[in-house]
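Shown next, in structure tokens, is the structure this report addresses.
As the structure lists them, so they are numbered: ligands from 1, and atoms in each ligand from 1.
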Amino acid sequence: MRFLRSSLAFLALLPRAFAAFGVTTSGSNLIVDSGAGLLTTINTANGDITSLTFNGKQLQDSSKFTQLSSGLGSASVTSSVANNVAKITITTSTITHYYIVQSGVNTLYIGTFASAEPTVGELRFIARLSKANVPNGVTINGEQVSEVNGGTAIEGTDVFLVNGQTRSKFYSSVPFIRDQVHGVTGSGVGVYIIVPSVSYESSSGGPFFRDINNQGTAQQELYWYMNSNHEQTETYRTGFFGPYAMAVTTGAAPSANLNTTFMDSLGLQGYVAASGRGTVTGTYSGTLAGTAVTIGFKNSAAQYWIAGSGGTFSRTLMKPGTYTVTLYQGELEAGTASVSVTAGRTSTVNIASSLSVPNAIWRIGTVDGTPAGFLNADKIETIHPSDTRMSNWGPITFTVGSSAATSFPMAQFKAVNNPTTIKWTATSAQIGARTLRIRTTEAFAGGRPQIIVNSFTSAAPAAPPAVDSRGVTRGTWRGLNQVYDFAIPAGTLTASSNTIQINTISGSAGDAFLSPNFVYDSVELF
Ligand SMILES: *[C@@H]1O[C@H](CO)[C@@H](O)[C@H](O)[C@H]1NC(C)=O
């Protein structure tokens, strides 16, 4: 008896030798065995992943499950196995969601077809993992910026103070153009979401949109947000989202090169194989030297992007259709064109910047659709503006010729650092009728600039388009870029010292950092 028991214990230590790839049914569960250590249990009543074990270690939280949105309620769940590939299909009236496992690979390949936007107004995949076994959340610059467990909410129910530092799930976000792999880890294990660049095609917001990747609560939450109103700048798309993946490793991040060719023959709803796609190549010109260039493509069905380099670009794997092409100087739309894509073919488009580039007397910041280089711009993406690690917001007085751009505020909040004052000593050749151009990247609660130059007060510009919902306090400057040109009449400027005051105005009110505000891109006088 003792011998038998110890033999069984010995056998239990050897699961790899006996693990068989495939799908088995147990009550209301489907259990998918990768044959290489990963066992995924799916509830057949609603499609929730209720267990995820890797070499015997439970990675799934036991009370809150892994699912689409906040769970589908009820769904039809079926499985099939062929050619060493297991396919689980989860369907509701508007969603067809797939989990696909290849024999010997510890990765869930995922695709989500949505014929309509979910009524909750966002589309996301959320893995709620075991905090005990995967305790380490997404780190940005070495900080667990989205670990909020035990914190005190200071804004909405999503920005927290933890040990004196601000944390939020929003701070785990990374612009889509740079977000191909993100994950969480524990001892001997890592769980990573992989989203190839092309797989953002049905999402919205373009290359610089960013969304939640992680939140540490009692669970370790790992996300892929396909779309949301977290500073929504574009209409949502429907169709096939992905393919994307959740890969389980012994800790290291997986490659971003997710080979999804094997999915071409799986009959996934809305999926378009590489053979049904085309390429666009072309040239671009006229952008500011030293500023990164991105070429974007969009229509109502799809969006793509590719970095430009040396005046040329090539974007592969696009679905057929006619696209608006956007030339981005940094994150600023600098020009547009149109191109039609045909499956199996290469189309060509040449695009030039049509930005007005004044011969400025002076310029503060870079015309690139971002506040980069300004005060607190280096911190805003991962901490709240109220965080004690922020530099003092002011109000700031900036002197042309002697102040550094790093002292000019990246954002101006009506109730915090209003106004910003610019001091400028002009020569007699520089006065007369002039234009002050203020570019902004984002606005909240109708915030926009109005100027007072010496004794001249400008008209109040109309409110910028409203963007749903909170902006810069959630760590993003990516809204709708605006340009405000203020004509300064002759006789206003003097050939000695001048004072230019920029005020945040709005018909709305709000407290502190939720008061009307806007984010600066650049200020030019010409
Ligand atoms: C991708 O996988 C397919 C098989 O599904 C294989 O033929 C192809 O060589 C792979 N591509 C790369 C780049 O590894």
Side-chain angles (χ1 to χ4, degrees), residues 19-23 30 32-40 42 54 78-90 96-113 125 176-183 190-203 207 224 239-281 295 297 302 304-307 309 312-320 341-347:
F21 167 75
V23 180
L30 287 179
V32 188
D33 191 331
S34 71
L38 186 69
L39 278 147
T40 308
I42 297 165
F54 179 59
T78 60
S79 70
S80 63
V81 179
N83 305 317
N84 286 324
V85 173
K87 178 172 89 169
I88 310 299
T89 305
I90 300 162
T96 308
H97 185 63
Y98 302 99
Y99 292 117
I100 296 158
V101 175
Q102 289 180 286
S103 176
V105 181
N106 294 323
T107 296
L108 297 180
Y109 289 80
I110 313 174
T112 305
F113 175 83
F125 169 76
F176 283 172
I177 192 169
R178 291 193 279 113
D179 191 10
Q180 267 59 73
V181 178
H182 59 261
V191 186
Y192 294 90
I193 299 285
I194 307 171
V195 186
S197 166
V198 69
S199 295
Y200 286 99
E201 67 185 0
S202 300
S203 293
W224 185 41
F240 183 84
F241 293 78
Y244 54 110
M246 186 164 76
V248 180
T249 73
T250 52
S255 164
N257 295 323
L258 190 70
N259 187 345
T260 57
T261 303
F262 79 97
M263 297 170 82
D264 290 0
S265 57
L266 298 180
L268 310 179
Q269 188 172 4
Y271 179 96
V272 178
S275 59
R277 294 168 178 268
T279 294
V280 176
T281 63
I295 317 298
F297 305 86
Y304 304 94
W305 45 78
I306 192 74
S309 176
T312 67
F313 62 88
S314 177
R315 171 70 249 187
T316 58
L317 295 173
M318 293 172 63
K319 290 200 280 196
V341 174
T342 308
R345 302 278 289 274
T346 297
S347 309

Before you tell me yes or no, could you show the steps for Trp305 and Phe313 under ring-ring contact (aromatic ring centres under 6.0 Å, His included), namely the whole-Å CA-CA distance, both residues' side-chain angles and the distance that decides it to 0.1 Å? CA-CA 10 Å; Trp305 45 78; Phe313 62 88; over 10 Å; no
Is Ser79 reaching over with its side chain to a backbone N or O of Ile88, donor-acceptor style, under 3.5 angstrom? no
Of all residues at least two apart in sequence or in a different chain, which pass the side chain to side chain contact (heavy atoms under 4.5 Å, CB included) check with Thr261? Asn259, Asp264
Could you tell me how the ring of Phe240 sits relative to the ring of Tyr98: parallel (under 30°), tilted (30 to 60°) or perpendicular (over 60°)? tilted
Kindly compute the distance separating CE (Met263) from CD1 (Ile110), expressed to the nearest 0.5 Å. 9.0 Å
Pairs of nitrogen or oxygen atoms, one from ligand 1 and one from the protein, closer than 3.5 Å: please tabulate them with distances.
unit_1   : atom_1 : unit_2 : atom_2 : d
ligand 1 : 2 (O)  : Asn259 : OD1    : 3.3
ligand 1 : 2 (O)  : Asn259 : ND2    : 2.5
ligand 1 : 11 (N) : Asn259 : ND2    : 2.7
ligand 1 : 14 (O) : Asn259 : ND2    : 3.3

Any donor and acceptor pair, going by atom type alone, linking the side chain of Lys319 with main-chain N or O of Val272 inside 3.5 Å? no
